[in-house]
Number of protein chains: 2
Amino acid sequence: MFSRAGEIALKIMIYLATDQQKGRWIGLREIVQEIDSPEAFTAKVLQRLTRQGLIRSLRGPSGGFQLPNRRAVTLHEIIIAIDGEGIFTKCVLGLAECSESCPCPVHDKFKAVRDHLAGVLISTTIEEVKEGLLLGHYYLKV
Amino acid sequence: MFSRAGEIALKIMIYLATDQQKGRWIGLREIVQEIDSPEAFTAKVLQRLTRQGLIRSLRGPSGGFQLPNRRAVTLHEIIIAIDGEGIFTKCVLGLAECSESCPCPVHDKFKAVRDHLAGVLISTTIEEVKEGLLLGHYYLKV
DNA sequence: ATAATTAAAGACAAATTAATCCGAAATTAA
DNA sequence: TTAATTTCGGATTAATTTGTCTTTAATTAT
């Protein structure tokens, strides 16, 4: 469904949201520990999230990453930032041109599924997901 | 959403279903012409569909491929045969263990989307899709 | 039988994605 | 100031997917 980088981006953002102490910088080491992902690859994903402005970073001792605690962040924003909008727009059959006016044979059938997917991603914030995690109902690693 | 091979498999199956003359063998050349896909790669996808029993093949002059005209074929069968069941079962966040009893933070949110996707694929047959194509409402290539 | 045609099969090449490595830059603390 | 720490950035490697090529086997028609 999502790329490996996209999966890890979601886990990173959710984990950063669980941190209680506002303003604390969370290091790469701690992050990969808590989401159980390859360190070097995760560092690259963190870099991309930082460049996209979804998180902030600070170098040096006691540096790390944190959420710029402003408005709510949706899963949709994260996926768009890392995987692009292809999953929502690219033709399911791979046709270069596929639209309402020139639809592929399964265009209409899949429109509903994609709208559903987009709806879930847009309506779900990491803050909301965090709650379930803190309640112990869900897990970020095995 | 699907792999390139999966996309091409769907197009192949839909095209084969549009053929009116029952029993006719349709060659690779004609298929790639009609679905606008790379010839050698499409040949490989045809091979896999044949091995999986979703289509039949015949070598030699006037050979080619055809649907074994038996029961209806669903899009679900085709995707399972080529891409496997990963899209329906693998954790959205990539967790090795993720289930009802040990769910990732977005497990429940995405269950509905996946059930929706599976429902569409299971309930849609290539025969049904073919109808819309023959009516000229849809297109298999640009 | 022979030649032509077509799919089968496996080896190979290219492109993309996943993942690692390492030196440089920034920051902190001694 | 110096040393330690941590992210940044680019280069590199590995794995997977996509796509091609070439030979063989089956089938048909001459």
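Any value given below was found using the heavy atoms of this structure, including those in side chains, with hydrogens, waters and symmetry copies removed. Computed from a prediction, not measured in an experiment: that's the story for all the values here. All chains are named by letter (A, B, ...) in the order of the sequence lines, taking the proteins before the strands, and each is independently numbered beginning at 1.
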Please identify the 5'-most and 3'-most nucleotides of DNA chain C with any atom under 4.0 angstrom from a heavy atom of chain A.
C/dA18 to C/dT28
Rounded to whole angstrom units, what separation is found between the CG atom of B/Leu28 and the C1' atom of D/dT20?
13 Å
Counting distance only, does the side-chain N/O of B/Glu77 pair as donor-acceptor with the main-chain N or O of B/Thr74 below 3.5 Å?
yes
For A/Arg51, which contact category applies under a 4.0 Å heavy-atom criterion: base, sugar-phosphate, or nothing?
sugar-phosphate
Check ion pair B/Lys90-A/Glu7 (N to O, under 4.0 angstrom)
no
Would B/Gln33 and B/Arg29 count as having a side-chain donor-acceptor pair, cut-off 3.5 Å?
no
To the nearest angstrom, how far is A/Gln66 atom CD from D/dT6 atom P?
16 Å
Spacing between A/Gln33 atom CD and D/dT6 atom P, to the nearest angstrom
14 Å
Using Watson-Crick or G-U wobble geometry with both distances below 3.5 Å, tell me the partner of C/dA30, or none.
D/dT1
Would you check if A/Leu117 and A/Phe88 make a side-chain contact, meaning some heavy-atom pair closer than 4.5 Å?
yes
Polar side-chain atom of A/Lys11 near backbone of A/Ile35 as donor-acceptor pair, under 3.5 Å
yes
So with a 6.0 Å cut-off around CD of A/Glu97, is the heavy-atom count from everything else above 12?
no
With no angle test and no hydrogens, is the base of D/dG9 tied to the side chain of A/Gln47 by a donor-acceptor pair under 3.5 Å?
yes
Distance, rounded to the nearest Å, where A/Phe41 contributes CZ and D/dT16 contributes P:
14 Å
Which nucleotides of nucleotides 21-30 of chain D have their base under 4.0 Å from a protein heavy atom (B), which only their sugar-phosphate (S), and which neither (-), written as one string 5' to 3'?
----BBBB--
Using atom types as modelled and distance alone, determine if a side-chain donor or acceptor of A/Asp83 lies under 3.5 Å from a backbone N or O of A/Phe2.
no
Mind calculating the distance between CH2 (A/Trp25) and C1' (D/dT7) to the nearest angstrom?
11 Å
Are B/Leu121 and A/Phe110 close enough that some pair of their side-chain heavy atoms sits under 4.5 Å apart?
yes
Going from CG on B/Asp19 to CG on B/Leu67, what distance comes out if it is rounded to the nearest 0.5 angstrom?
8.5 Å
Length of the line joining A/Glu30:CD and D/dT6:C1', which is rounded to integer Å
14 Å
